[in-house]
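Structure first, then comments.
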Amino acid sequence: MIRVQLPAPLRAIAKIPGDEITFNLSGIVTPTMVVDAIEEAYPMLLGTIRDAATRERRAFVRYYACERDLSHDSPDASLPIEVTSGEEPFLIIGAMSGG
């Protein structure tokens, strides 16, 4: 079971109660697989996490797991075992810019 935490604005768009959503994904689980599952379960989020045409992560969206930024890793790299076992969540976070 994969636990996913989304930013509050995305949870509001998808009308997701609570802080987490879960998915049963098997095999080598990657960020691409997680986002595919999110977009399949919540089609209103299509294009919010990654560009709908290119399927690339949006510039101000970050992926985190196990206190590590996974945003610049390959989207097809396997997630840490702590995430795939359900021990730790996969976090999708809206980044800020400016100063």
**OP:** For Leu6 and Ile93, run side chain to side chain contact (heavy atoms under 4.5 Å, CB included): C-alpha distance rounded to whole Å, both residues' side-chain angles, the deciding distance at 0.1 Å, then the answer.
**Re:** CA-CA 7 Å; Leu6 294 171; Ile93 298 175; over 6 Å; no
Subject >> Gln5 to Pro89 - nearest heavy-atom pair and separation >> reply: NE2-CG, 3.9 Å
Subject >> Worked check of side chain to side chain contact (heavy atoms under 4.5 Å, CB included) between Phe23 and Val29 >> reply: CA-CA 11 Å; Phe23 297 98; Val29 180; over 6 Å; no
Original post:
Can you find a pair of side-chain heavy atoms, one from Leu70 and one from Pro80, that are under 4.5 Å apart?
Top reply: yes
Subject >> Positive for side chain to side chain contact (heavy atoms under 4.5 Å, CB included) with Met1, one of Leu25, Thr22, Thr84 >> reply: Thr22
Original post:
Between atom CG of Leu91 and atom CD of Glu67, what is the distance when rounded to the nearest 0.5 Å?
Top reply: 10.0 Å
**OP:** Could you tell me whether the side chain of Thr30 and the main chain of Ser78 form a donor-acceptor pair under 3.5 Å?
**Re:** no
**OP:** Find out if a path of hydrophobic residues (ILVMFWY) with successive side-chain heavy-atom gaps under 4.5 Å connects Leu45 to Tyr64.
**Re:** no
Subject >> Residue list, salt bridge (Lys or Arg N to Asp or Glu O under 4.0 Å) with Arg50, at least two apart or on another chain >> reply: Asp36, Glu39
Subject >> Other residues, nucleotides, ligands: >12 heavy atoms within 6.0 Å of Glu82 CD >> reply: yes
Original post:
Between Thr32 and Arg55, is any pair of side-chain heavy atoms under 4.5 Å apart?
Top reply: yes
Original post:
Are Ile13 and Ile21 in one and the same hydrophobic cluster, where Ile, Leu, Val, Met, Phe, Trp and Tyr link if side-chain heavy atoms are under 4.5 Å apart?
Top reply: yes
Original post:
In this structure, which one of Leu79, Asp73, Asp69, Val35 forms a side chain to side chain contact (heavy atoms under 4.5 Å, CB included) with Tyr63?
Top reply: Val35
Original post:
Okay, side chain of Arg57, backbone of Arg62: is any donor-acceptor separation there less than 3.5 Å?
Top reply: no
Original post:
So which heavy atom on Ser26 is nearest to which on Met33, and how close?
Top reply: O-CE, 3.8 Å
Subject >> From OG (Ser85) to CZ (Arg3), nearest 0.5 Å >> reply: 9.0 Å
Original post:
In terms of hydrophobic clustering (I, L, V, M, F, W, Y; side-chain heavy atoms under 4.5 Å; direct or indirect links), are Met44 and Ile49 co-clustered?
Top reply: yes
Original post:
Run the side chain to side chain contact (heavy atoms under 4.5 Å, CB included) check on Ile81 and Glu87 step by step: do they pass?
Top reply: CA-CA 8 Å; Ile81 189 72; Glu87 182 181 329; over 6 Å; no
Original post:
Got more than 12 heavy atoms from elsewhere within 6.0 Å of CD1, Ile28?
Top reply: no
Original post:
Say you draw a straight line from OG1 of Thr48 to CG of Leu10; how long is it, rounded to the nearest 0.5 Å?
Top reply: 4.5 Å
